[in-house]
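Reading through the structure tokens given below for one structure.
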There are 2 protein chains.
Amino acid sequence: MAQKALLKSSYHHGDLETALVKAAISLVRKYGADHLSLRAVSAEVGVSPSAAYHYFQDKDSLVSAVGEFLFDQLGEKQELAISKVRSTGAKGARERFEAMGDAYFKWALSEPNLYRLIFGGFCELPDSHNDSKAWQLLEKGLDDLVQAGLITSANRVGGEVLVWSAVHGASSLVIEGLMPKESFPIVIKGVQRSLGMK
Amino acid sequence: MAQKALLKSSYHHGDLETALVKAAISLVRKYGADHLSLRAVSAEVGVSPSAAYHYFQDKDSLVSAVGEFLFDQLGEKQELAISKVRSTGAKGARERFEAMGDAYFKWALSEPNLYRLIFGGFCELPDSHNDSKAWQLLEKGLDDLVQAGLITSANRVGGEVLVWSAVHGASSLVIEGLMPKESFPIVIKGVQRSLGMK
DNA sequence: TCAAATATCTATACAGTGTTCAGATTATGC
DNA sequence: GCATAATCTGAACACTGTATAGATATTTGA
């Protein structure tokens, strides 16, 4: 009776809430956030459409839960990429900074439908997004650049908004076919120039 | 019989195609591109739902037509803003450049639902977007900066992608509530630094 | 001028959608 | 073990995109 998560009775699902979120992700990935059907999500999990309403107020609420999940996942991808950098000192700070941007861009390009869900107005992200892993990594990355002597603390001011704007903007425009993906390194170079880097 | 556009018979509409596009814009403006209903668009025009299928293959096709229309409109807003600058010489070049960005940002903030339709994957913009007014204005603006001696032609390289990425990214992030709108001037300053401007 | 041909729109129908609500089923606490 | 609570189902409602057949208006050609 303690292992309710393992026992899968036909009626009670165990953890329907996260199962719905994961199924929704799988469908959005394939068909896009518009074209997502709550009924299809329920069917994927093997549950009746009404069941979802025990965990989510409506369809938009499920989509928002998906958005939060994915926003965290994006931060984790960046963290993973950063952790793989083996260099130390100034070289390490630069490589970690670039790895962060590359991971962001790479994720956006490989999962355009998920990326659009997060940043296309489909979900309401929490107001406390400044506590998110992605944002904190960005702050830390900039701090590291200052500490390594690669940028001045004067140029660091407002660095978060500039970097995020450029990287997000480039990712979005490439996804929508308005910019070739080869432009991304140019954008990164431009950001570094604007930070007075090196 | 020559003035069919003026005569509004009950059966034939005159210019249903553009009427549908305009009605769709009006509805997207209010309720967002998701939540747009072809039936509601038809009802707004006072026509049966099937009538739309004489001008558009399907709903997505109508949305794409809306996207093209709005993309042009955005360019026209920028052109208007530029034309209002009265200064000449280097001062004029700088003010026109900034007016272009401000107009873009202002439009995005005042019409978030329309902005999302264009850049959120709802419509397929034509491959020839490099012929668009918005893009050509951007190129011309950068050329003017070079000609006015405000940036070097070396720094001009890749300027389009950098500027557009930053301005679009900032607009998008502000719209989605991920960045305060006060950050926009900071982004502009950063872009100018990356161009080595002034 | 007047029928034939064409363009334009309507009516109806179908499968699928989000959502609600009463009730069936399973788990939990005493 | 039984009442209670948590969880899920089934049926229903109004709505959606879309296909098809037919009605209506306009244009064409003689």
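A note on names: the letters A, B, ... follow the listed sequences, proteins ahead of strands, and every chain is numbered from 1.
Between the P atom of C/dT26 and the CG atom of A/L16 lies a distance of 16 Å, rounded to the nearest Å. Taking atom NE2 of B/H54 as the reference point, atom C1' of D/dT18 lies 14 Å away to the nearest angstrom. If you take CG of A/D58 and P of D/dA14, they are 20 Å apart, rounded to a whole angstrom. One atom, CG of A/D15, and another, P of D/dC8, lie 10 Å apart when rounded to the nearest Å. Atom OH in B/Y53 sits about 18 Å away from atom P in C/dT8, given to the nearest Å. Rounded to whole Å, atom C1' of C/dC9 lies 8 Å from atom OH of B/Y55. Rounded to an integer number of Å, the gap from CG of A/L20 to P of C/dT19 is 14 Å. Note: CG (A/L38) to C1' (C/dT20) measures 13 Å, nearest angstrom.
Residue contacts for B/L36: at a heavy-atom cut-off of 4.0 Å it reaches the sugar-phosphate backbone alone, with no base atom in range. Residue contacts shown for A/S48 include a base, since a base heavy atom lies under 4.0 Å away. A/F56 comes within 4.0 angstrom of no nucleic acid atom, judged by non-hydrogen atoms across all strands.
Salt-bridge formation is not detected for the pair B/K133/B/D72: no Lys NZ or Arg NE/NH1/NH2 atom is positioned less than 4.0 Å from an Asp or Glu carboxylate oxygen. Salt-bridge check for B/R116 with B/D34: failed, with every basic side-chain N at 4.0 Å or more from each acidic carboxylate O.
Side-chain atoms of B/R39 lie closest to C/dA13 of the nucleotides D/dC8, C/dT19, C/dA13. Checking D/dT16, D/dA11, D/dT7 against the side-chain heavy atoms of A/S50 singles out D/dA11 as nearest. Looking at the side chain of A/K59, the nearest of the listed nucleotides C/dT19, D/dT16, D/dT9 is C/dT19. The nucleotide whose nearest atom lies closest to any side-chain atom of B/P49 is, among D/dA12, D/dT18, D/dT9, D/dT18.
Between the side chains of B/E95 and B/S87, at least one donor-acceptor pair of N or O atoms lies under 3.5 Å. Looking at B/D15 and B/T18, their side chains do bring a donor and an acceptor atom within 3.5 Å of each other.
Checked against a 6.0 Å centroid threshold, the rings of B/H168 and B/F105 do not count as neighbours.
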